[in-house]
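Order of the sequence lines sets the chain letters (A, B, ...), proteins ahead of strands, with each chain counted from 1.
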2 protein chains.
Amino acid sequence: MPELPEIANLAGQMAAELAGKRLTGPEVVQEKCLNVAGAEFRALVEDKTIAAVRARGKWIFVSLHPATTLLLNLGMGGELLYHPAGAALPEKFQARFAFSDGTALTAAFSWFGYVHTVRAADLATHKMTASLGLSPLDVQDYTYANFLDRMRGRKGAIKPWLLDQKNIAGIGNVYVQDILFRTRLHPDRKIPELDETERQTLFRVIRENLVQATELGGLVYEKDLYGQPGRFKDFLVGYREGKPCPVCGTAVEKIRTGSTASYICPMCQQ
Amino acid sequence: MPELPEIANLAGQMAAELAGKRLTGPEVVQEKCLNVAGAEFRALVEDKTIAAVRARGKWIFVSLHPATTLLLNLGMGGELLYHPAGAALPEKFQARFAFSDGTALTAAFSWFGYVHTVRAADLATHKMTASLGLSPLDVQDYTYANFLDRMRGRKGAIKPWLLDQKNIAGIGNVYVQDILFRTRLHPDRKIPELDETERQTLFRVIRENLVQATELGGLVYEKDLYGQPGRFKDFLVGYREGKPCPVCGTAVEKIRTGSTASYICPMCQQ
DNA sequence: AGTTGCAACAGGGA
DNA sequence: CTCCCTGTTGCAAC
């Protein structure tokens, strides 16, 4: 379940490692992860060159030259691995991209992942990515004014709003836990009830939390492009059921909020 | 709050009284009840002849010659009145239709009503009427097979389903009360839980209830085309809070079901 | 009491 | 909660 920090690091590593390489052998093991037929996928990708790689939310945008974009979403528990020339490929993968220099990239996901391909002209109509919200790591895009705009008029609870990729792109059920804790917000708090200070804190904490995790290379139990784990492991309350709250010592509770699990300090988060 | 019985009677009276008359002076006091601009409304209606009038759900369809349909919805607490030649018009009305013989028709609604006009070719695209469901007074249309079809796959409660005009057209929050009581159904009963006997009873009771009310000229507190009240007043449980259930004597309760009020016998309706 | 559209929410499926 | 789609429900608007 990579979220924005892991995806952003993968995209950065891909940009550095793959830029300029020419795709020779795209192979798709699992056709259902594609948005087009296998033959069309190969035709769209083969012999194209990697021009740029960037992250938006949980999606990796791979710009190919000429005029094509590869859109990758690792779903839950997915991995993206780089393989030097001559290295053995993993036993299981859903898609493999071979490059003209003998290196390769494999994508594997235990649940649902996407390997989508669109012509450059059609990128704006690709539903899953066209509707993505603010990018917290992009200071041009992630401004307080934009943040308040997306929140305006919303009546529901704050946690589902944070998880909705149309609002802010890249937060999943892992990072959202400490974001709520650090803002002292209960997951069920209704958006209209948030005061100005809470909104400002939330805005700031989202960026701080994701930037910090990104700088640490992402979660310790996720792998980067070279199979190396991240170094972020010190959750404050996330996944620490029964352990003491780092602020007040109260035991962290695991509760159900809507259809997701939440880890909260029942004292600090109201 | 006219529902199908009142609307059906109005349509019948209009058909008998107005067929063949030529519209000369359409006047709209309140433009917001129109679906087109006032000038276009007049152009579409003026000098046309009343060809036919029929009811569908809570809507009155007035076919004009040539090639136009007037669609009237009285909303909540609306009235439609016929005025003989020389008679004084009411003080307040939202729309007035004058005929070449000196007679007139006025429409007044205390809340939201619609006076829509469509070209014959566009009738099928008029959203509010195109999506109307079964017509309980039309035995060709209101068949048990069609009834079950509309119910198939629905998971929600029976009362909202009955009130949704897309399923059955013409039931409002007044007539629905006794329909549910006579079928012995609690308003919150889930559709998948209804057994075959209950479905058959409901199908039959809907028609019986609406036919009976129509034959009685509609509700005693609603007026017909000539300002005369209907003769239907003997609700079984509807609007009889605290009065005894006609079957078991238990006091009728007024409860909230979703966003509407329901009058039920807590003993008979499960 | 009427109708629509939207937002929130739940469930199923890929 | 990875994402979509559909249906249901509640709410505000006219």
Side-chain angles (χ1 to χ4, degrees), chain A residues 1-3 7 30-35 57-59 71-78 109-114 116 127-129 131-132 152-167 169-177 187-188 190-192 256-262, chain B residues 1-4 6-7 30-35 57-59 72-78 109-114 116 127-129 131-132 153-157 159-161 163-166 169-177 188 190-192 219 221-222 238-239 256-261:
Chain A
M1 35 189 145
E3 300 178 19
I7 298 300
Q30 199 175 35
E31 279 226 15
K32 69 164 190 172
C33 66
L34 299 178
N35 64 329
K58 301 173 190 170
W59 288 82
L71 299 163
L72 307 176
N73 184 307
L74 298 182
M76 298 167 86
F109 15 84
S110 56
W111 258 346
F112 306 104
Y114 301 110
H116 285 188
K127 238 185 204 165
M128 296 187 190
T129 53
S131 58
L132 290 173
R152 195 173 338 273
R154 300 313 204 77
K155 306 237 174 107
I158 187 61
K159 190 185 176 192
W161 185 86
L162 287 169
L163 291 176
D164 187 339
Q165 305 298 304
K166 293 180 183 62
N167 299 316
I171 304 175
N173 202 40
V174 174
Y175 287 107
V176 75
Q177 310 291 346
D188 291 337
K190 293 291 183 289
I191 290 173
R256 288 211 51 93
T257 47
S259 56
T260 67
S262 293
Chain B
M1 38 191 147
E3 300 178 20
L4 182 50
E6 293 77 34
I7 297 299
Q30 200 175 36
E31 280 226 10
K32 68 161 191 175
C33 66
L34 299 177
N35 63 329
K58 301 170 189 171
W59 288 82
L72 306 175
N73 184 306
L74 298 182
M76 300 165 87
F109 14 84
S110 56
W111 255 340
F112 306 104
Y114 302 110
H116 286 187
K127 239 185 205 168
M128 297 189 189
T129 54
S131 58
L132 290 173
R154 298 315 205 74
K155 305 234 175 108
K159 190 185 175 192
W161 184 86
L163 292 177
D164 187 341
Q165 305 299 302
K166 293 179 183 59
I171 304 175
N173 201 43
V174 174
Y175 287 107
V176 76
Q177 310 291 346
D188 291 336
K190 294 291 181 289
I191 291 173
L219 292 162
Y221 57 79
E222 297 283 352
Y239 303 89
R256 289 215 46 97
T257 47
S259 57
T260 67

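- Spacing between D:dT8 and C:dA1 at atom C1', rounded to whole Å, works out to 22 Å.
- Aromatic ring orientation, B:Trp59 versus B:Tyr114: parallel (interplanar angle below 30°, classes split at 30° and 60°).
- Remark: the backbone N or O of B:Met76 is paired with a side-chain donor or acceptor of B:Ser110 at under 3.5 angstrom.
- Side-chain atoms of B:Asn173 come within 3.5 Å of backbone N or O of B:Ala261 as a donor-acceptor pair.
- In plain terms, the two heavy atoms of A:Gly75 and A:Pro2 that are nearest each other are O-CD, 3.6 Å.
- A donor-acceptor pair under 3.5 Å links the side-chain atoms of B:Glu6 to the main chain of B:Leu219, judged by distance alone.
- For DNA chain C, the contact window with chain A, defined by any atom under 4.0 Å from a protein heavy atom, covers C:dA8 to C:dA14 in 5' to 3' order.
- Counting only distance, with no hydrogens or angles, the side chain of B:Gln165 and the backbone of B:Ile171 share a donor-acceptor pair below 3.5 Å.
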**Prompt:** What string of B, S and - do you get for nucleotides 1-9 of chain D, 5' to 3', if B is base contact, S is sugar-phosphate-only contact and - is no contact with any protein heavy atom under 4.0 Å?
**Reply:** BBSSS--SS

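- Each of A:Lys32 and A:Trp161 has a nearest nucleotide on DNA chain C; the 5'-most of these lies closest to A:Trp161.
- Taking the salt bridge (charged side-chain N to carboxylate O under 4.0 Å, His left out) definition, one finds that B:Arg256 meets it with nothing, sequence neighbours left out.
- Side-chain N or O atoms of A:Asn167 include one that pairs as donor or acceptor with a backbone N or O of A:Trp161 at under 3.5 Å.
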